[in-house]
Amino acid sequence: IMAAREAREVMLEAAAEEMEVDPADLETDGTGFIRLKGAPEKKIHIVDLALAAHFKQGKTISGRGIFLKQKSEPVPETGEMDPDSCQAHACTVADVEVDDETGMVEVLAMYNVYEMGRALNPAMAHQQIVGGAWMGISHALFESTEPYYPDRANGPTDFAEYLMPGPADLAAMESVILERPAANGPFGGKGIGEMTANSPIAAIANAIYDACGVRVESIPITPETILRGLDELRAGG
């Protein structure tokens, strides 16, 4: 909200310059337009304004904001304290296909449910969930420093050589946000951030076990890992 308020102020200043009026005389109409109070026909759309601000005025419509949690000191007698603001919760189900001849794993779909307090910006929250899931797929099946770590002399030097998933590797995604505002979070919100990349990893590993019986406890889960696991199962290991 702090960031939005600052960005709104910059936006109105840019609109005032473009429309040659005073910023205090402008208002937003809720449909994407900034208009002159008392003269709604005099208006400019936010897209046109953003372009004008950037290319004509040399301005960026943006704002800054941060939530600072007050430090919680332990109670000497009991050790009681409040180390974090609030806990978000996640559940991810992965639908995978395992080729038992090549060991290749394809993530077909992911179903995500996140209880994250109040979604202050639902669109960005969904983007975070999808982006985090893609990152989780990457951690689970692709990214590795082996066999280069700790000596990376012969390792990849850029992302053209480093194995990562591409757009074709992104699974179909269905995500749901459960809003249960937190009493001790900023405006009822809880952070989801990095956790969106965590639950997909375990979901993929469990789905692989369900698909072919191979239980994997380290990542990335490579085709070689799958094939070795299948060999052990066939040998009765």
Side-chain angles (χ1 to χ4, degrees), residues 83-84 86-117 119 122 124-178 180 190-237:
D84 60 359
C86 45
Q87 296 286 347
H89 302 86
C91 177
T92 297
V93 175
D95 183 8
V96 307
E97 186 175 273
V98 181
D99 189 322
D100 59 4
E101 292 186 355
T102 65
M104 292 295 295
V105 177
E106 181 181 0
V107 182
L108 304 176
M110 274 194 169
Y111 306 91
N112 308 291
V113 179
Y114 280 85
E115 186 279 299
M116 49 167 289
M124 288 190 69
H126 276 288
Q127 290 175 10
Q128 179 69 15
I129 291 170
V130 173
W134 194 352
M135 194 177 198
I137 293 173
S138 188
H139 290 331
L141 302 176
F142 293 85
E143 297 183 62
S144 175
T145 57
E146 299 294 344
Y148 316 110
Y149 183 83
D151 181 6
R152 298 177 179 170
N154 299 310
T157 57
D158 55 41
F159 287 124
E161 299 177 7
Y162 186 65
L163 184 61
M164 297 176 67
D169 299 302
L170 182 58
M173 205 74 59
E174 186 172 331
S175 303
V176 175
I177 293 175
L178 301 180
R180 294 172 181 168
K190 300 179 181 180
I192 58 170
E194 295 294 329
M195 70 182 292
T196 57
N198 295 336
S199 57
I201 299 174
I204 291 171
N206 285 332
I208 290 173
Y209 175 73
D210 184 65
C212 66
V214 174
R215 172 63 74 189
V216 183
E217 297 179 350
S218 63
I219 55 176
I221 306 170
T222 63
E224 181 181 2
T225 304
I226 299 294
L227 293 177
R228 286 184 181 276
L230 290 173
D231 286 343
E232 290 181 9
L233 289 175
R234 292 173 184 135

Would E224 and R228 count as a salt bridge (charged side-chain N to carboxylate O under 4.0 Å, His left out) if you check the C-alpha gap in whole Å, the side-chain angles of each, and the deciding distance to 0.1 Å? CA-CA 6 Å; E224 181 181 2; R228 286 184 181 276; 3.0 Å; yes
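Using a 4.5 Å heavy-atom cutoff, the side chains of M135 and T196 are not in contact. Two residues are said to be in side-chain contact when any heavy atoms from C-beta on lie closer than 4.5 Å; P165 and L141 fail this criterion. In this structure, the side chains of M110 and I204 come closer than 4.5 Å at one or more pairs of heavy atoms. In this structure, the side chains of V107 and D169 stay at 4.5 Å or more apart for every pair of heavy atoms.
Residue H126 holds its NE2 atom at 12.5 Å from CE of M173, rounded to the nearest 0.5 Å. We find the CD1-CE distance between I129 and M195 to be 9.0 Å, quoted to the nearest 0.5 Å. Expressed to the nearest 0.5 Å, how far CE of M164 lies from NE2 of H139 amounts to 9.0 Å. Atom CD1 of I192 and atom CD of Q128 lie 5.5 Å apart (nearest 0.5 Å). In this structure, S138 OG and L163 CG are separated by 7.5 Å, a value rounded to the nearest 0.5 Å.
Smallest separation of non-hydrogen atoms from I137 and F142: O-CD1, 3.8 Å. The minimum heavy-atom distance linking V214 with I226 is given by the pair CG2-O, 3.9 Å.
Between D231 and R234 a salt bridge is recorded (basic side-chain N to carboxylate O distance below 4.0 Å).
Annotation: salt bridge (charged side-chain N to carboxylate O under 4.0 Å, His left out) contacts involving residues 192-216, sequence neighbours excluded, are absent. Listed by first and then second residue, the side-chain hydrogen bond (donor to acceptor under 3.5 Å, both in side chains) pairs that reach into residues 103-115 are H89-E115, T92-N112, N112-S175, Y114-S199, E115-K190, sequence neighbours excluded.
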Side-chain donor-acceptor distances from residues 94-101 under 3.5 Å, at least two apart:
{"from": "D99", "atom 1": "OD1", "to": "E101", "atom 2": "N", "distance (Å)": "2.8"}
{"from": "D99", "atom 1": "OD1", "to": "T102", "atom 2": "N", "distance (Å)": "3.3"}

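Environment of OH in Y209: sparse, with no more than 12 heavy atoms of neighbouring residues, nucleotides or ligands closer than 6.0 Å.
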